[in-house]
Amino acid sequence: MKIGELARKTGVSIRSLRYYERQKLIAPMRSDNGYREYSLLAVEQVKAIRLYMNLGFTTEQIAGFLHCVLQNKEAFCRDIVPVYESKITELDEQIQLLAMIKSNLEERVRSIFEERRMAEERAKGAMTHDHHHDDGR
DNA sequence: TTTCTTACA
DNA sequence: TGTAAGTA
């Protein structure tokens, strides 16, 4: 099938399909006219690629274990485990970073309300205490 | 009409 | 990733 058909069957844009090829995730043949010719396997291949990209893996990482995954259904791919583990630690780091950003924002909100309270206190105090301001003379 | 490559208001 | 350009 040609790229247009594969795009329809997978829901992936033609642009992305060509990009995957550049990233060595798929290797379609070329017909005489230079058009990419995909086998029927391409459909599941692209779906697998989408799956791993959605899990946050880079195209480079995917290129590494894709073959094994497509044939052995992931269970017997030995070199895929370390990739998963590194991804997990990476996620832990991101979680920590996000936690810091979150607490930072929370702190900002607290200080805003704090300042507001102080300002309101000052305004209330000014009204109760009959302050006579001299005009200078 | 579809696909190809290259390049970017 | 989309899209325009100029082909084959």
Side-chain angles (χ1 to χ4, degrees):
Chain A
M1 70 184 99
K2 293 197 296 297
I3 197 169
E5 188 179 349
L6 181 60
R8 283 189 294 94
K9 289 184 176 176
T10 61
V12 173
S13 69
I14 291 177
R15 177 72 152 82
S16 295
L17 256 19
R18 296 193 181 119
Y19 174 69
Y20 297 163
E21 180 178 357
R22 253 187 162 292
Q23 300 305 302
K24 296 181 169 60
L25 293 176
I26 47 182
M29 298 178 302
R30 294 295 183 125
S31 22
D32 300 337
N33 52 27
Y35 289 7
R36 271 166 267 253
E37 189 60 39
Y38 296 90
S39 66
L40 305 85
L41 301 167
V43 177
E44 40 185 321
Q45 284 183 213
V46 172
K47 287 182 179 177
I49 292 171
R50 290 307 314 167
L51 171 66
Y52 292 104
M53 287 185 88
N54 288 328
L55 285 179
F57 291 102
T58 65
T59 55
E60 187 180 12
Q61 294 176 310
I62 298 173
F65 59 69
L66 186 61
H67 315 110
C68 187
V69 168
L70 290 173
Q71 203 161 57
N72 305 317
K73 272 189 173 178
E74 183 181 72
F76 297 88
C77 301
R78 197 177 184 80
D79 54 331
I80 198 176
V81 176
V83 182
Y84 280 2
E85 293 178 324
S86 70
K87 185 61 190 178
I88 291 173
T89 59
E90 180 190 318
L91 288 173
D92 282 328
E93 294 172 350
Q94 291 183 296
I95 289 172
Q96 283 190 31
L97 178 61
L98 290 175
M100 292 187 75
I101 294 174
K102 180 185 177 184
S103 60
N104 183 299
L105 258 29
E106 292 174 329
E107 179 51 42
R108 285 164 184 272
V109 172
R110 285 196 205 91
S111 80
I112 287 175
F113 280 109
E114 181 60 20
E115 286 183 41
R116 189 171 299 176
R117 280 223 304 280
M118 300 299 273
E120 288 173 348
E121 284 303 311
R122 270 185 278 108
K124 177 177 294 180
M127 282 207 253
T128 56
H129 302 304
D130 196 288
H131 285 171
H132 295 282
H133 290 273
D134 256 332
D135 55 67
R137 271 189 296 177

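So that the names make sense, note that chain A is the first sequence line, chain B the second, and so on, each numbered from 1. When reading the values below, keep in mind they use all heavy atoms of this one structure, side chains included, and skip hydrogens, waters and symmetry mates.
- Taking a pair as Watson-Crick or G-U with both hydrogen-bonding distances under 3.5 Å, the stems of three or more pairs touching DNA chain B are B:4-8 with C:2-6.
- Under a hydrophobic clustering in which Ile, Leu, Val, Met, Phe, Trp and Tyr are joined whenever their side-chain heavy atoms come within less than 4.5 Å, directly or via other members, A:Ile26 and A:Tyr35 fall into different clusters.
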TODO: For side chain to side chain contact (heavy atoms under 4.5 Å, CB included), just list the numbers for A:Ile14 and A:Arg18, CA-CA rounded to whole Å, side-chain angles, deciding distance to a tenth of an Å, and then say yes or no.
DONE: CA-CA 6 Å; A:Ile14 291 177; A:Arg18 296 193 181 119; 3.5 Å; yes
TODO: Test side chain to side chain contact (heavy atoms under 4.5 Å, CB included) on A:Glu37 and A:Arg30 and set out the steps.
DONE: CA-CA 5 Å; A:Glu37 189 60 39; A:Arg30 294 295 183 125; over 6 Å; no
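- The separation between A:Ile3 atom CD1 and C:dA8 atom C1' is 16 Å, rounded to whole Å.
- Residues from residues 15-39 of chain A with heavy atoms under 4.0 angstrom of DNA chain C, sorted by number: A:Arg15, A:Ser16, A:Tyr20, A:Tyr35.
- Atom CD1 in A:Ile14 sits about 12 Å away from atom C1' in C:dT3, given to the nearest Å.
- Residue A:Tyr38 is tested with A:Thr10, A:Leu17, A:Val43, A:Val46 for a side chain to side chain contact (heavy atoms under 4.5 Å, CB included); the sole match is A:Leu17.
- A donor-acceptor contact shorter than 3.5 Å links the side chain of A:Asn54 to the backbone of A:Arg50.
- Judged purely by atom type and a 3.5 angstrom limit, A:Lys87 uses its side chain to pair as donor or acceptor with the backbone of A:Gly56.
- Note on A:Leu51 and A:Val81: same hydrophobic cluster, where clusters join Ile, Leu, Val, Met, Phe, Trp and Tyr whose side-chain heavy atoms are under 4.5 Å apart, directly or indirectly.
- A salt bridge does not link A:Arg117 with A:Glu120: every distance from a Lys NZ or Arg NE/NH1/NH2 to an Asp or Glu carboxylate oxygen is 4.0 Å or more.
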